[in-house]
Amino acid sequence: MSPREAAARQDQAAIIRADFRRHAEPAETVGPRPQPPAASSGPAAIAPPAFAPKSPMMIAAYMLAGTLIALTQGLGMSFISTNLQQIAGPMDLTQTEATWLMAAYLFPNASLTLLLFKVRAQYGLRNFAEVAIVVYVLVCLAHFWSDSYESALALRFFAGVAAAPMTSLGFLYILEPVSPAKKMSIGLCAALTALALPSPVTGIISPYLLDIGDYHALYLVELGLAMVSLGLVYLLPLASPPRAKVISSLDVVSYIFLAIALGCFAVVLTVGRLYWWTAVDWLAWMIITGIAASAIFAAIELNRKNHLVDIRWLTSREILHLAGALMVSRLLFSEQTSGAINFLRNAGMLNEQMAGLYWIILAGAVVSGIICAMIMKPGRLSAIHAVALLLVAAGSYMDSQSTILTRPEQMYLSQFLVSFASGLFLPPALMIGMGAAMKRGPSYILSFIVVFLATQKIGGYLGSAFYGTFVQRREQFHSFRLVSELASTDPLVAARLKQLGGAYGRVLTDPNQQVLQGAALFTRQVQQQAYALAYDDAFLLTAWASLAALALLLLHVAWRNRHRLSPTRAAMPAAA
């Protein structure tokens, strides 16, 4: 390694250490605190700015700013995903075409936070915040000049780029006024709770906005929130550690391949179910491109001395275990967004009819954040995860008893449990990952961010794809079974067909047309029943998967504490 590379690496470690201590280091980390590096001939370590306590008014202002910024970035995606049908109609799009608006947003957003971590360190947190929020405002403003499907796709792509730094900003603003002793309890729980707000808030306010000004009202609210966030960023500056040159040309090359890989996987998981996985060749080529880009990225990183991401550490047993736990939890918590909400939409419920359910989900997220901040401490993390998995299992099992007559009111308790469990699970998992990274050194924070992003973002897309595919397969199975048991010669079936056909008597005088329309309506009702049974199967599968994850967690805890459970081994230290 040349002297210039050695100096750059020391600057990078120093700036990441300073930035992390400002915004994420707990007073009590999980495991032993890493020892300071030995003195060297290189540049001196950059000391983080001393924490300056703020007044209660300033604490509230920073918390409000962080929550508003997190809400702003989340609404950009949630407005599209929650109102896909209402947006597709006015824009003269099919559902598949409208789904590409989501895919265009997700392609850059899936990985950009990784590079922005270094951009923030090299160019300063203040400059990063101001540029990020201005770009987001400009992209929101450009939506009002979009007059074609192609321009809408391009703007959603740039919206995904602009929203990536907003996530970091919301997180940092909430952590800014929190004392170092409470950053990993109160600060972390408050930040993750704020990031969970956009989805239920979108469901609550969307019906009113669409009534006021169609889908343009959604863009107008997004622009208004972005401009308010812009003012808050200029009024409430973030304390920034000293800057250092930490970005190399090979970092950019390596990131490009990572972005292509994660972007391809995100697009395939978003639209694959609509085209069906084996029906079109270009889906396979996108998967191949993603795998090839991942291989090139890994080859570059494995042969570098100054890593962007440490692949060897990511493949260690400890990190693979953490990544597996995060991925499984993300799949389980998809029961709410991809399971219960879609079940009710398939039953004919609109957003305004599900407003009460969205309020319950919002309440569950807020209450879980408050309780988690009160009880989260090292040593309690496995117990918190066990309770979260048990609540998901209970909520999913309750949902598995749903029928075609189930309405949002019958799912209030179950969805509160799932939302509460989701808020309980993530902060301890993030605390464990940060502790594992800090034991190896501040430069490993960036590698952990890759694990966290891959499991949460790609895991979210994977959960949606899995639920959709599983439900579609089970719907075909139940439809075939129901149709095979319904014969037109059955008196009950014949009476039902006659009743449904008679409903068209006032508008159709031809008896044959009445019979055809009645048969078509009967077919739709059978399909709706099949979908209800398919979603029940998905909910039951989630319940059993949650219990299996709970059993594995208990086995892991028992193995880790086996010396305490064994009387012989427990007596040996006492005798010594």
* Structure fact -> The reported gap from OG in Ser422 to CG in Leu391 (rounded to nearest 0.5 angstrom) is 11.5 Å

* **Stepwise side chain to side chain contact (heavy atoms under 4.5 Å, CB included) check, Leu541 with Phe466** => CA-CA 12 Å; Leu541 177 64; Phe466 172 78; 3.7 Å; yes

* Partner set under side chain to side chain donor-acceptor pair (under 3.5 Å) for Arg330, not counting sequence neighbours -> none

* Determine, step by step, whether Leu262 and Phe107 satisfy the side chain to side chain contact (heavy atoms under 4.5 Å, CB included) criterion, reporting the C-alpha distance in whole Å, the side-chain angles of both residues, the deciding distance to 0.1 Å, and the verdict. => CA-CA 7 Å; Leu262 293 181; Phe107 186 92; over 6 Å; no

* Applying side chain to side chain contact (heavy atoms under 4.5 Å, CB included), run through Tyr467 and Asn342 and close with a yes or a no. => CA-CA 10 Å; Tyr467 258 91; Asn342 285 345; over 6 Å; no

* **Donor-acceptor contact below 3.5 Å, side chain Gln336 vs main chain Gln415** => yes

* To do: Could you tell me whether Trp282 and Tyr275 have their ring centroids closer than 6.0 angstrom?
  => yes

* Side-chain touch Leu274/Trp100, heavy atoms, less than 4.5 angstrom -> no

* To the nearest 0.5 Å, how far apart are CD1 in Ile204 and CG in Leu209? -> 12.0 Å

* OH of Tyr358: more than 12 outside heavy atoms within 6.0 angstrom? -> yes

* For atom CZ of Arg473, decide whether the heavy atoms of other residues, nucleotides or ligands shown that lie under 6.0 angstrom number more than 12. => no

* Run the numbers on Val267 and Met286 for side chain to side chain contact (heavy atoms under 4.5 Å, CB included), then give the verdict. => CA-CA 8 Å; Val267 171; Met286 287 200 74; 3.8 Å; yes

* **Plane angle bin for Phe425 and Phe333 - parallel if under 30°, tilted between 30 and 60°, otherwise perpendicular** => perpendicular

* Kindly compute the distance separating CZ (Phe470) from OG1 (Thr542), expressed to the nearest 0.5 Å. => 8.5 Å

* Compute whether any side-chain donor of one residue and acceptor of the other, for Thr406 and Gln410, lie under 3.5 angstrom apart. => no

* **Heavy atoms of other groups near Tyr397 OH, more than 12 under 6.0 Å** => no

* To do: Mark yes when over 12 heavy atoms from residues, nucleotides or ligands other than Trp285 sit less than 6.0 Å from its CH2; otherwise mark no.
  => no

* Going by atom types alone, do Asp536 and Ser400 pair a side-chain donor with an acceptor below 3.5 Å? -> no

* To do: Could you tell me whether the side chain of Ser368 reaches within less than 4.5 Å of the side chain of Cys189, counting heavy atoms only?
  => no

* Are the side chain of Glu335 and the backbone N or O of Leu332 linked by a donor-acceptor pair below 3.5 Å? -> no

* Asked: Rounded to the nearest 0.5 Å, what separation is found between the CG atom of Asp399 and the CE atom of Met411?
  -> 3.5 Å

* Asn346 side chain near Val471 side chain, heavy-atom distance below 4.5 Å -> no

* Could you tell me whether Met227 atom CE has more than 12 heavy atoms of other residues or ligands within 6.0 Å of it? => no

* With side chains defined as the heavy atoms from C-beta onward, is the minimum distance between His478 and Gln529 less than 4.5 Å? -> no

* About how many Å separate SG of Cys372 and CG of Leu192, when rounded to the nearest 0.5 Å? -> 8.5 Å

* Asked: Is the number of heavy atoms from other residues, nucleotides or ligands within 6.0 Å of CH2 (Trp544) greater than 12?
  -> no

* Asked: For the atom pair CD1 (Ile360) and CG (Leu417), what is the distance rounded to the nearest 0.5 Å?
  -> 10.5 Å

* Asked: Considering all heavy atoms of both residues, which atom of Gly395 and which atom of Val418 are nearest to each other, and what is their separation?
  -> CA-CG2, 4.3 Å

* Structure fact -> Between Ser419 and Gly364, the two heavy atoms sitting closest are OG-C, 3.5 Å

* **Side chain to side chain, Trp276 and Gln472, heavy atoms closer than 4.5 Å** => yes

* Hey, does Tyr535 have a side-chain heavy atom less than 4.5 Å from the side chain of Ser402? -> no

* Side chain proximity check, Thr193 to Thr67, heavy atoms < 4.5 angstrom -> no

